[in-house]
Novice: 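Structure in structure tokens, see below.
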Amino acid sequence: MQAWQVHELGEPGEVMRLAHVERPTPGEGQVLLRVRAANINFPDALMCRGQYQVRPPLPFTPGVEICGETEDGRRVIANPALPHGGFAEYAVADAAALLPAPDALDDAEAAALHIGYQTGWFALHRRARLEAGETLLVHAAAGGVGSAAVQLGKAAGATVIGVAGGADKAAVARELGCDVVIDRREQDVVAAVKEATGGRGADVVFDPVGGEAYTQSAKMVAFEGRIVVVGFASGAIPSPALNHALIKNYAILGLHWGLYNTKNPKLVQHCHEQLTELAARGAIKPLVSERVPLAGAADAVQRVADGVTTGRVTVVPAAENGAAA
């Protein structure tokens, strides 16, 4: 089969190599899956660079989220068991963790439903306890995780303010349903949020960016507001001033979604049931901006790493090779 492999760490576009390799052999409790679609996540790029908390042995195949097909023809969502990731024609995954792919979504959309939407759901509902009528601010609202948070916020009855970088991304944020869109390249984000909220600020801030975005968050979070720290796509990890959190009476919450897979897997299943229901009634639908063939995976991962994409970019092996051999 064909699979992308990383033999040395570095930028995805430089270190990912497409090769012919043997199909992976499932271990105990694992299953072999034909990859129908593999969604690209920012951690895929971090893994190529050796900057992610999970560091598979070299060589490895990136791709942490797929829609796959079991040997008996079931369509499932899975997190492949590294080092046999999803940017390949076949991957392996833990049988106990397979989730049914929603009928309402095609392969690429189903592949993009899992990590980003689970992250958004856990951040908004489990950590921040978002309530209908509250104001939610989403940084990087046109990105993969941000777009999921926007849709989930709207589905929960919140007023959603989206922050995006540039006119094109701002347009995407509007299409996603943001009530207010702020172009951080053209506007003063803090002032714009204060104006949109009558000076009160945002009840919940969803921050997958870090760096300057977090600094802004602390300035525009409301009384008894909650800042959920989801990631550091900017590459800069902030150092919060805890005296500031005390004086303004807000909470700083961390979310590492992957921990729930071992700490509380039943909650992951519950979340998937909630997401499937929302997808069935059209309340959420992953924004798949690009569907690229397997041969284009390295370039696509690099573009996600560079922050120039919107929504989700998904690798669809069948688009290039038909049924994988």
Side-chain angles (χ1 to χ4, degrees), residues 2-6 9-18 33 35-54 56 60-68 77-91 93 101 105-120 140-149 169 172 176 208-209 230-235 257-258 285-321 324:
Q2 284 193 308
W4 286 91
Q5 291 196 317
V6 174
L9 301 177
E11 288 300 302
E14 299 174 359
V15 300
M16 287 178 61
R17 295 283 182 267
L18 189 58
L33 299 173
V35 178
R36 296 176 66 111
N39 182 50
I40 298 174
N41 287 270
F42 195 67
D44 293 315
L46 294 179
M47 218 173 291
C48 289
R49 296 168 174 167
Q51 296 175 347
Y52 195 56
Q53 54 258 40
V54 177
F60 67 89
T61 296
V64 295
E65 178 179 45
I66 68 169
C67 174
I77 294 172
N79 298 126
L82 299 172
H84 303 295
F87 302 144
E89 293 177 311
Y90 284 86
L105 305 178
D106 65 23
D107 293 341
E109 292 164 345
L113 181 72
H114 192 40
I115 296 175
Y117 280 84
Q118 288 255 349
T119 296
V145 178
S147 62
K169 292 188 176 183
V172 170
L176 286 164
V209 179
V230 180
F232 312 105
S234 67
W257 169 75
K285 186 181 180 70
L287 172 63
V288 180
S289 58
E290 296 180 61
R291 299 161 193 252
V292 302
L294 188 60
D299 176 68
V301 175
Q302 186 64 58
R303 286 187 287 112
V304 169
D306 293 340
V308 298
T309 60
T310 57
R312 289 300 192 184
V313 180
T314 305
V315 178
V316 186
E320 179 178 88
N321 299 308

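Worth knowing before you read on, the calculation uses all heavy atoms, side chains too, and leaves out hydrogens, waters and symmetry mates.
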Novice: Between CD of Glu65 and OG1 of Thr314, what distance do you get to the nearest 0.5 Å?
Specialist: 8.0 Å
Novice: Of all residues at least two apart in sequence or in a different chain, which pass the side chain to side chain contact (heavy atoms under 4.5 Å, CB included) check with Ala78?
Specialist: Leu33, Ile66, Ala93, Leu98
Novice: Can you name the salt bridge (Lys or Arg N to Asp or Glu O under 4.0 Å) partners of Arg17, sequence neighbours left out?
Specialist: none
Novice: For Glu14, give me all partners under salt bridge (Lys or Arg N to Asp or Glu O under 4.0 Å), at least two apart in sequence or on another chain.
Specialist: none
Novice: Once rounded to the nearest 0.5 Å, what's the spacing between atom CG of Asn79 and atom CD of Gln118?
Specialist: 8.5 Å
Novice: Compare every heavy atom of Val230 with every heavy atom of Pro208, then report the nearest pair and how far apart it is.
Specialist: CA-CB, 4.1 Å
Novice: Decide yes or no on side chain to side chain contact (heavy atoms under 4.5 Å, CB included) for Asn39 and His114, but give the supporting numbers first.
Specialist: CA-CA 9 Å; Asn39 182 50; His114 192 40; over 6 Å; no
Novice: State which residues pass salt bridge (Lys or Arg N to Asp or Glu O under 4.0 Å) with Asp299; sequence neighbours excluded, sorted by chain then number.
Specialist: Arg303
Novice: Would you say the side chain of Pro62 lies within less than 4.5 Å of the side chain of Val301, judging by non-hydrogen atoms?
Specialist: no
Novice: Which heavy atom of Thr61 sits nearest to which heavy atom of Ala88, and what is that distance?
Specialist: CG2-CB, 4.3 Å
Novice: Would you say the side-chain atoms of Ser289 pair up with the backbone N or O of Thr310, donor to acceptor, closer than 3.5 Å?
Specialist: yes
Novice: Please report the shortest heavy-atom distance between Ala110 and Cys67, naming the atom on each side.
Specialist: CB-SG, 4.1 Å
Novice: Can you name the closest pair of heavy atoms from Leu294 and Pro317 and give their distance?
Specialist: CB-CA, 4.2 Å
Novice: Just do the side chain to side chain contact (heavy atoms under 4.5 Å, CB included) check on Met47 and Leu82 with the steps written out, would you?
Specialist: CA-CA 11 Å; Met47 218 173 291; Leu82 299 172; 3.5 Å; yes
Novice: Going by the side chain to side chain contact (heavy atoms under 4.5 Å, CB included) test, name the single residue among Val145, Val304, Leu113, Ile40 that passes it with Arg312.
Specialist: Val145
Novice: Passes side chain to side chain contact (heavy atoms under 4.5 Å, CB included), Glu11 versus Arg49? Steps please.
Specialist: CA-CA 6 Å; Glu11 288 300 302; Arg49 296 168 174 167; 2.9 Å; yes
Novice: Return the set of residues passing side chain to side chain contact (heavy atoms under 4.5 Å, CB included) with Val209 (not counting sequence neighbours), or none when no residue passes.
Specialist: His139, Ala140, Asp207, Ala213, Ser234
Novice: For Glu89 and Val35, run side chain to side chain contact (heavy atoms under 4.5 Å, CB included): C-alpha distance rounded to whole Å, both residues' side-chain angles, the deciding distance at 0.1 Å, then the answer.
Specialist: CA-CA 5 Å; Glu89 293 177 311; Val35 178; 6.0 Å; no
Novice: Might you point out which heavy atoms bring Ala298 and Trp4 nearest each other, and give the distance in Å?
Specialist: CB-CZ3, 3.5 Å
Novice: For Asp44, is there any backbone N or O sitting under 3.5 Å from a side-chain donor or acceptor partner on Asn41?
Specialist: no
Novice: Under the salt bridge (Lys or Arg N to Asp or Glu O under 4.0 Å) rule, collect the residues that match up with Asp107, sequence neighbours excluded.
Specialist: Arg36, Arg75
Novice: Quick check: closest heavy atoms across Phe87 and Met16, and the distance to 0.1 Å?
Specialist: CD1-CE, 4.1 Å
